[in-house]
Every structure is written in structure tokens, then in C-alpha cells.
Asks: 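Before I ask anything, let me first share the structure, which is written out below as C-alpha cells.
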Amino acid sequence: MNYLEGLNEQQKKAVLHTEGPLLVVAGAGTGKTKTLTHRILHLIHSGVAPQNILAITFTNKAAVEMRERVASLLHSDDVLPTLSTFHSLGVRILRAHHEKIGVNKYFNILDTQDKMSLIKQAMKQHDIDPKEWEPKKIASAISRAKADEKTVQNFTPNNNPITTIVQLVWPRYEELKRKEQSLDFDDLLSETYFLLQREPEVLHYYQTLWKYIHVDEYQDTNTIQYKIVRLLSQVHKNVCAVGDGDQNIYSWRGADMKNILNFEKDFPGAEVIILETNYRSTQNILEAAHDIISKNKERIEKKLITDNEEGTKIIAYEGFSAHQEASWVANQSQHYINDGIEPRDIAVLFRTNFQSRVLEEAFLNRTIPYQVVGVKFFSRKEIKDIMSYLKSAFNRESLSDIKRIINEPKRSLGKVAVAKIFSNDIDGLPAKARNSYESFVKILDEIYEYAQVHTPSETVKFAIQKSGFEEKLISGSDDDKERLENMKELVTYAKKYDDVENPFDSFFEEVALLSDQDSLGSNSKDSNTVKLMTIHASKGLEFKKVFVVGLEQGLFPSQRDDATTKHEQEEERRLCYVAFTRAKDQLHVSYAKLRTIYGQERINEPSEFFNDISDTLIDIAEDSYNSHGSRSKTYYDEDDGEEITTFYLDF
């Protein structure tokens, strides 16, 4: 039992409580992953077979971290519990029972772009103008409906006009997916739930298999995820939910705060343990975060404490313009790097994606290495092209993939020829086009045959060569050569699947399910960089130095209207709390008096969050008051990073 020695009393209680439902309310930085992994270790040491343990989380990054930690604790990775994301769990169950839902075992998983393509096709077939009805909103409405357990059959429009459009588009979208033997991300959850619900023998198998269930980030579960957990835990009732309502920031994609608030009601007799000792941040950072979150009413009461030092105060910066704010952030980052801080230990967090542009300019001007998190390696055209070759080789009914690559690289198949191919009029093709098409089919056949006796990394390399991309790009422009290098990076990435069970299943699944956070470090050349990202993308991460920019009323918190609910207002505070608690040593907050949004210059007031932080916790950066009651500011000129200019503002 010496593995318990490194746990505090509350963590130890959570680890030792093995029978019956358990809710662990784990504040930011309180060691929830350590608690979860030690609980799994304790179960195994107590005689529970690893295969009888399931742990579910939300991102591949978190699942990989948990898997590595459990393997390290067990001193082996031979027999591990099932450690998975919700979506990966869905893929596992659906592939095992694919015939029960009428799809190929190697069904394609649509990414966002592929999904939007099919949505637009469905709209076109109903003569719905995409300029009048935004396809993204229709796709989002369908996603929310699925998360709320709706189907094409039981979906009914409400007062929102878009729901009438959804009722028309959704059935055709489903038909197009089935024709391609494809599922989207939402299907991986909804189809799993409906399968478990209607097939008692399948449900019984998994209930018997997974006797101990752990759910990380429970506050982020939507209705379908919550119901899957309820179904799987019905027999043994050994469900351990770990989460923090104060970090519920995904209601816009269906996360339901009630799931964590109602845990004791849903699982009678549940034990509730609160983790409040923070091991990440200084006391001043935690006090500032508490100043923000304590104003929320919809929460489980707790206050983070720490044995860490008090730390330096929060540095607050009030800029004249967004460019000046960005200049200050870049200069501060440069100072830290000059003092020995690694770029990877610095993060700049913002509420909305558009804010990254001026920040990028400032970092480029100072040649500071940076990475905009969310620009995915796997979203690059050349990577999607190679993946389409691989997916088409395994699933010839994946029409979206075939359409993408049938003329990539160019093989003299024009639009008319492609239309004939997709209508199965192969005999109607001119001789040259027919030969090109047959050559394309032969390439897919050869890739599939090669994959049967080779690893994923070898097969990716083979596909790059056999498709003709290598020959085309190697003698092309610098951009072409960079695209080829990216393809070779995919070979490197695929190596991690060479020695796993069902390697191609795992490879296709992981690539399809990668999230924004998973793009961190996907390219080793970019790993030691300052990270620029939205606050949503930062969840689960930590950095020594954190800048939270754009703390302006209307931007963060985001602009509210009369229809904004109390829950949505409180979610903005939770988002700010998440941002602050990413910082370990130093937190910076800033805002700009002037910012151009959608082409219009706007005068801003500081965010209510900016003003909520206790004055005793803040140091105003490079700022003093003049005799007239105005503040004088010092900043680095944008044309010369070293020259200091002073100006005055009335506040």
C-alpha cells in the first residue's frame, strides 16, 4: 500500500472508496488524474482484473496521459484497463457490432469538412440556399438534437425557423452518410447509445465486462454520454465520476451542468469527496480565480487552497489599442525567454479566434517562435489527401474520400468523367478516362493488399509513393517540398500504431478523433513555441507564464443580449476561472481601450472580470498616475521593439 503515501487525505479517501457510486469534485490543479490512476492501481492490487475496469475521458491527449501513468504505476503495459475517450469507446463498440447498425466494419468517420460537404449536398437537393440558411448552423442544430437523444424519426420543429430546415435536411444527410458507409462524430455516441438500448445481449456483455467505471471531466458530459454511463453502470453501480462544475465551459456543444449537480440524486447512496488542495498555482493566482468564480450561484461550494508560495501579484496591463496590447504581450514573452524561460512554458489565451491575428503580427515582428493551437496538422490538404487514399482502400463506399482523390494527383479525369463514374456509367467513359479510372482503382487495390502484410507506417509510405504524390512533389516548388515533408511526418506519426492490436482500426480512429489539444506537439519542429490559443482549447493544460488578453466588456465576457440565460452568463465566469487556473507562476491580464472588430473600431470598458480581482492582488504594468488624475503609460514602439514611448489616457 506504499503507493498511497504520496496522496493527501481526500485523495486517499477517493482511492480507497471502491464499491458503489463516488463523486470526486476536483478543483483545478488538485491532482485528479493522479487520484484516478491511483484508484485504478488500487483496484488492480485489490484483485480486480484490469479488463474489468473502464476509464473514460474527453480528449485523446488526456486518455494517452492516463494510459501512460497507469502503465508506469503497474510497471507494465501488457494488460491495461480500457482507457478511452467517449468517442473512441463508441468506435470500439460499433466496430465490434457493426452488422447490427448496418455499416461496414471499416466505416469512415467524417471530419468537420466532410460533414459540411454532405450537409451542403443535402441542402442542395432540397433547393435550400446556403446564403439564406448557414450550413454550419444546420449542422450544429443536428448535433445538438443528437446529443439530446433525438433522431430523424422523433425530431419535431419548434418556434426557431431553422428547425424546419433541419427537418428537411437531416433525413437526406443520413441517407448520404449511409450510402458512403460513414458516421459523424455525433453518431459515434448516439448510435452507441441506441445500440445498447435496443440490444440487451450487447448491453449485458459490456455491463459484465466493465464492473468498475470511471468518468473524467463529468461536468462536460451531454445527455447521450450521461445515459451511456447510466446504462453501463446499472448492474454493478461502481461508477466514479470526477469533475468540477466550475470548469463547465462546453454547454454550447451540449455539456449539461445538471449531470454533476444531480449525481447524488441519479446514483443514490453516492459518496462525495471534494479535492481543494491545488498543486499547480501560487496563492495569489488562486485568490484571483476565486474572486471570479465565487460570484456564481450554480456551483458546488469550494475554495482552492495551496501549500505553494504566495507568489508575485497578477500583472495587469491597460493598453490603448489591440496592437499595443499585443506588443506588450510579445515583449514580456521575449523578456521571459531571455531570462531562461522556455517558449513552451508561455501561453497567450483569448476568448475568440480573431484575436490571434494581431498577436501573431507582434510575435513575428520579434521573431519569437509561436504556435497557434487549433491549426491542425491533420487538416492540411496533403495530409487529408493521403488519409483519403488509405480510407478509400479500406472502404470503397466512402464516396467523399474517393471524390477527394480521384483526380489527385491529376490523372485526366474531368468533372464529366467523374460524374459518369459516380453514376456507375463506367462504359460511357472515353478510353483515356477509363484507363485513368482503372489505374486509380488498381492503386487502391494495391494499397489495401500491401496493408494486409505491412504496418501502418509502411503503408502510409507506400501510399505516398503509389499515389504519385512523391514523384509530383519532390521536383516541385518549395511549397510542394514542404507538403511532401508533411506527408513524411505522417509516416512518423503512424509508427506509434505499428505494434498495437488492430493497428489500422486504431490509426484511422485516432486520426479522425484528434482534437485541438492533440495538435500540440504533433509536429516536433514546433514543440518549443509560445502557445496562442482560445481559452476553450487550453482546458486541461498548464503553463508557467499565462497571458489572458482582451478582458473587455462585450468581448470577455462575450456580448450578451436579452435572451442570455443566467447559466450562460455564469459560463463566461467559469471560462475566466479556467483561464486563470492554467497559470503556475505568473498570471497577466490585459485589455485594450480601442479594438477593431468586424472592421469597426470600438471603444471598450475593462471587463467586469478585470474589476472583480482584488486590488491587493494586482500590480499595474508600467503605469502611474499624473497630477491631473490621468494615467501615463509606457510601452514599446511597434516599429522599434526597444524604444519606449509615453502617452496619457483619461480613465
Side-chain angles (χ1 to χ4, degrees), residues 111-114 116-117 343 353 356-393 400-418 421 432-433 435-437 439-444 446-447 450 456-495 507 511-512 514 516 518-532:
D111 65 16
T112 302
Q113 292 179 24
D114 294 335
M116 292 310 304
S117 177
N353 277 307
S356 70
R357 186 187 63 79
V358 292
L359 290 162
E360 286 190 74
E361 287 179 13
F363 277 80
L364 280 169
N365 288 340
R366 290 155 184 79
T367 64
I368 301 172
Y370 74 91
Q371 178 185 5
V372 181
V373 177
V375 179
K376 298 184 188 178
F377 173 75
F378 292 96
S379 292
R380 297 176 185 269
K381 179 185 182 302
E382 60 269 22
I383 301 304
K384 287 176 69 70
D385 286 344
I386 289 299
M387 288 305 303
S388 286
Y389 267 98
L390 295 166
K391 291 189 290 181
S392 297
S400 292
D401 286 308
I402 291 174
K403 184 177 180 181
R404 178 182 188 89
I405 56 169
I406 196 169
N407 206 32
E408 286 284 350
K410 301 299 182 188
R411 50 176 58 91
S412 303
L413 290 172
K415 290 184 178 179
V416 174
V418 172
I421 291 167
K432 183 178 180 181
N435 288 338
S436 293
Y437 174 65
S439 173
F440 170 69
V441 172
K442 185 180 178 184
I443 290 170
L444 298 184
E446 291 179 359
I447 292 173
Y450 188 90
S457 65
E458 292 170 332
T459 304
V460 172
K461 187 175 182 180
F462 180 78
I464 294 170
Q465 297 166 346
K466 201 68 188 175
S467 63
F469 276 120
E470 184 173 62
E471 183 181 355
K472 175 192 173 186
L473 298 174
I474 200 168
S475 58
S477 65
D478 288 344
D479 286 344
D480 287 337
K481 290 173 183 175
E482 184 179 343
R483 283 192 279 273
L484 182 58
E485 287 301 310
N486 287 332
M487 289 181 176
K488 290 179 180 178
E489 182 73 18
L490 182 62
V491 177
T492 303
Y493 177 85
K495 279 184 179 293
F507 176 55
V511 170
L514 284 173
D516 286 351
D518 298 308
S519 68
L520 282 174
S522 62
N523 188 332
S524 58
K525 293 180 292 186
D526 296 333
S527 58
N528 193 17
T529 55
V530 176
K531 301 301 184 287
L532 313 183

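Numbers for residues simply follow the sequence, beginning at 1.
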Asks: I'd like to check L532 versus Q371 (side-chain heavy atoms, cut-off strictly below 4.5 Å). Are they in contact?
Replies: no
Asks: For E485, is there an ion pair with K481 - N to carboxylate O distance below 4.0 angstrom?
Replies: no
Asks: Describe, in one word, how the ring planes of Y450 and F462 are oriented to each other, choosing from parallel (under 30°), tilted (30 to 60°) and perpendicular (over 60°).
Replies: parallel
Asks: Any chance CD of E446 has more than 12 other-residue heavy atoms, nucleotides or ligands included, within less than 6.0 Å?
Replies: yes
Asks: Can you check whether L390 reaches M387 side chain to side chain, under 4.5 Å on heavy atoms?
Replies: yes
Asks: Once salt bridge (charged side-chain N to carboxylate O under 4.0 Å, His left out) is applied, do any residues pair with K461, and if so which ones, sequence neighbours excluded?
Replies: none
Asks: Does E408 pair with K381 as a salt bridge, N-O distance under 4.0 Å?
Replies: yes
Asks: Got a second to check how far F440's CZ is from I421's CD1, nearest 0.5 Å?
Replies: 8.5 Å
Asks: Look at atom NZ of K403 and say whether more than 12 heavy atoms of other residues, nucleotides or ligands are closer to it than 6.0 Å.
Replies: no
Asks: Got a second to check how far M487's CE is from I386's CD1, nearest 0.5 Å?
Replies: 4.5 Å
Asks: Would you sort out whether K384 and Q113 count as a side chain to side chain contact (heavy atoms under 4.5 Å, CB included), showing the intermediate values?
Replies: CA-CA 10 Å; K384 287 176 69 70; Q113 292 179 24; 3.3 Å; yes
Asks: Is the shortest heavy-atom distance from the side chain of F507 to the side chain of V460 under 4.5 Å?
Replies: yes
Asks: If you measure from CD on E489 to CG on L484, what distance do you get to the nearest 0.5 Å?
Replies: 12.0 Å
Asks: Within the side chain of S436, is there an N or O that forms a donor-acceptor pair under 3.5 Å with the backbone of R411?
Replies: yes
Asks: Can you measure from CE (M116) to CG (D111) and round to the nearest 0.5 angstrom?
Replies: 11.5 Å
Asks: Is there a side-chain contact between Y370 and P343, using heavy atoms and a 4.5 Å cut-off?
Replies: no
Asks: Rounded to the nearest 0.5 Å, how far does CD1 of I405 lie from OG of S467?
Replies: 8.5 Å
Asks: Hey, what do you get for OH (Y389) to CD1 (I443), rounding to the nearest 0.5 Å?
Replies: 5.5 Å
Asks: Any salt bridge linking R404 with D385? Criterion: basic side-chain nitrogen under 4.0 Å from a carboxylate oxygen.
Replies: yes
Asks: Which atoms form the tightest heavy-atom contact between A433 and L413, and what is the distance?
Replies: O-CD2, 3.4 Å
Asks: Donor-acceptor pair, distance only, cut-off 3.5 Å: does the side chain of D480 make one with the backbone of S477?
Replies: yes
Asks: Please check if any side-chain donor atom of D401 sits under 3.5 Å from a side-chain acceptor atom of S392, or the reverse.
Replies: no
